[in-house]
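Shown next, in structure tokens, is the structure this report addresses.
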2 protein chains.
Amino acid sequence: MIGTNARVSELAALLKLLGDQTRLTLLSYLKQRELCVCELVDVLNVSQPAISQHLKKLRLAGIVQERKQGTWVYYSLNQQLPDYVSVILKALPDQQLPSCDNPKCCE
Amino acid sequence: MIGTNARVSELAALLKLLGDQTRLTLLSYLKQRELCVCELVDVLNVSQPAISQHLKKLRLAGIVQERKQGTWVYYSLNQQLPDYVSVILKALPDQQLPSCDNPKCCE
DNA sequence: CGCTTATATTATTATACACTTATATTAAAA
DNA sequence: TTTTAATATAAGTGTATAATAATATAAGCG
């Protein structure tokens with residue numbers, strides 16, 4: 001038998017990260033534009049801590065980045081994603097977000 | 001909040017399937033050529049039933065196909081894979097298999 | 001300051017899943 | 001026809017992980 005290949009491990013980890021319905025849904029919205037955490041919480045079917053944890057994983061994997069502004073945190077896709085990630089994002093539906101109902105956050 | 005999107009679910013399931021080190025390793029070998037199950041068992045670090053189970057999942061997902069010949073079963077990549085799957089396969093290393101030591105199986 | 005709001009972290013729990021061992025199936029060989 | 005070899009299925013187990021509830025942090029506002 002043959003030892004573990006580092007590139008395969010890395011790819012597997014990244015695909016496992018993407019192979020989650022909640023995270024893919026987050027990305028399908030972030031694909032359109034930068035979004036505030038509160039918008040993502042409103043739109044998904046899970047608790048705020050769950051969203052926060054998913055966003056952290058996506059951030060640590062280099063897929064999204066955060067921008068803090070006062071109490072609010074805005075997330076957006078990173079530029080410079082590997083090809084296979086870009087292709088996956090392209091395969092996601094273009095989900096339209098209802099406009100934010102918090103004027104403080106989303107002016 | 002917004003209901004589940006079927007395309008996102010489907011994609012998530014497929015990426016979860018691919019997000020496994022053992023399955024990705026199998027694919028990195030199958031990428032080169034059709035292989036007998038026995039070859040894959042020899043080359044990986046897990047038991048024969050584990051390989052068998054992984055191959056079944058890949059087959060049910062339409063990623064590989066089987067060809068039975070006597071006692072032996074040969075697996076190969078399916079043609080006509082979705083773009084994002086092809087791109088992932090391209091990102092896999094081109095792993096070279098040592099030649100099969102079973103003359104009956106691999107002539 | 002104390003209160004509220006936005007987000008993150010922690011602890012816990014439940015489910016999914018990859019693996020192993022044991023057994024079944026099927027085909028070829030003896 | 002019994003045995004052996006190749007693969008598949010079944011049952012059971014341990015670990016990873018996604019979720020929640022509870023709490024912490026931190027900023028803005030009265």
Side-chain angles (χ1 to χ4, degrees), chain A residues 1 4 8-9 12-27 30 34-61 64-76 100-107, chain B residues 1 4 8-9 12-27 30 34-61 64-76 100-107:
Chain A
M1 82 232 143
T4 290
V8 173
S9 304
L14 214 153
L15 293 173
K16 182 184 294 185
L17 191 85
L18 294 173
D20 176 90
Q21 167 134 25
T22 302
R23 283 191 287 271
L24 271 195
T25 303
L26 289 174
L27 292 173
L30 289 171
E34 183 186 67
L35 290 170
C36 178
V37 175
C38 66
E39 291 180 276
L40 293 167
V41 169
D42 285 349
V43 109
L44 285 224
N45 223 343
V46 292
S47 65
Q48 173 267 319
I51 300 288
S52 193
Q53 287 159 20
H54 284 303
L55 287 171
K56 182 178 188 177
K57 290 187 181 187
L58 290 170
R59 184 168 47 78
L60 291 179
V64 303
Q65 60 190 4
E66 68 177 18
R67 178 174 67 86
K68 298 194 179 185
Q69 186 172 315
T71 330
W72 288 277
V73 182
Y74 300 87
Y75 280 86
S76 57
C100 181
D101 55 0
N102 186 338
K104 297 264 184 63
C105 159
C106 310
E107 72 273 64
Chain B
M1 83 235 143
T4 290
V8 173
S9 305
L14 215 152
L15 293 174
K16 182 183 296 184
L17 191 84
L18 294 173
D20 177 89
Q21 166 135 25
T22 303
R23 283 191 288 270
L24 272 195
T25 304
L26 290 174
L27 292 173
L30 290 170
E34 183 187 67
L35 290 170
C36 179
V37 174
C38 65
E39 293 181 275
L40 293 167
V41 169
D42 285 347
V43 109
L44 285 224
N45 222 343
V46 292
S47 66
Q48 173 269 318
I51 301 288
S52 192
Q53 286 159 21
H54 283 303
L55 288 170
K56 182 177 187 178
K57 288 187 181 188
L58 290 170
R59 184 169 47 79
L60 291 179
V64 303
Q65 60 190 4
E66 68 176 17
R67 177 176 68 86
K68 299 194 178 183
Q69 184 173 315
T71 329
W72 287 277
V73 182
Y74 300 87
Y75 280 87
S76 58
C100 182
D101 56 0
N102 187 337
K104 298 269 185 58
C105 160
C106 309
E107 73 279 65

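In what follows, chains are A, B, ... by sequence order, proteins preceding strands, each numbered from 1.
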Write down the distance between [atom1] ([X]) and [atom2] ([N]), rounded to a whole number of angstrom.
X	N	atom1	atom2	answer
A:Trp72	C:dT4	CH2	C1'	11 Å
A:Leu40	C:dA8	CG	P	11 Å
B:Gln69	D:dA5	CD	C1'	16 Å
B:Asp20	C:dA16	CG	P	17 Å
B:Gln21	C:dC19	CD	C1'	14 Å
B:Leu58	C:dA18	CG	P	11 Å
B:Leu55	D:dT7	CG	C1'	10 Å
A:Leu15	C:dC17	CG	C1'	17 Å

Quick check on [N]: is either OP1 or OP2 less than 4.0 Å from any side-chain nitrogen or oxygen of [X]?
X	N	answer
B:His54	C:dC17	no
B:Thr71	D:dA5	no
B:Lys68	D:dT7	no
A:Thr22	D:dA19	yes
B:Lys56	D:dT9	yes
B:Lys57	C:dA18	yes
B:Tyr75	D:dA8	yes

Could you report the tightest heavy-atom contact between [X] and [Y], atom names first, then the distance?
X	Y	value
A:Leu26	A:Ile51	CD2-CD1, 4.1 Å
B:Leu18	B:Leu24	O-CG, 3.1 Å
B:Tyr75	B:Leu30	O-CD2, 3.2 Å
A:Gln21	B:Ser9	NE2-OG, 3.0 Å

> Do B:Gln53 and C:dT20 have a side chain to base donor-acceptor pair shorter than 3.5 Å?
Replying inline: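 When only heavy-atom distances are counted, B:Gln53 does reach the base of C:dT20 through a donor-acceptor pair under 3.5 Å.
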
>> Using only modelled atom types and a 3.5 angstrom limit, is any donor from either the side chain of A:Gln48 or the base of C:dA8 paired with an acceptor on the other?
In response: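 Present.
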
> Taking B:Arg23 for the side chain and B:Leu17 for the main chain, is one N or O donor matched with an acceptor at less than 3.5 Å?
Replying inline: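 Indeed, once roles are kept as given, a pair shorter than 3.5 Å links the two residues.
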
Which listed nucleotide ([options]) is nearest to the side chain of [X]?
X	options	answer
A:Val46	C:dT21, C:dT7, D:dA19	D:dA19
B:Ser52	C:dA18, D:dT9, D:dT17	D:dT9
A:Arg23	D:dA10, D:dA18, D:dT20	D:dA18

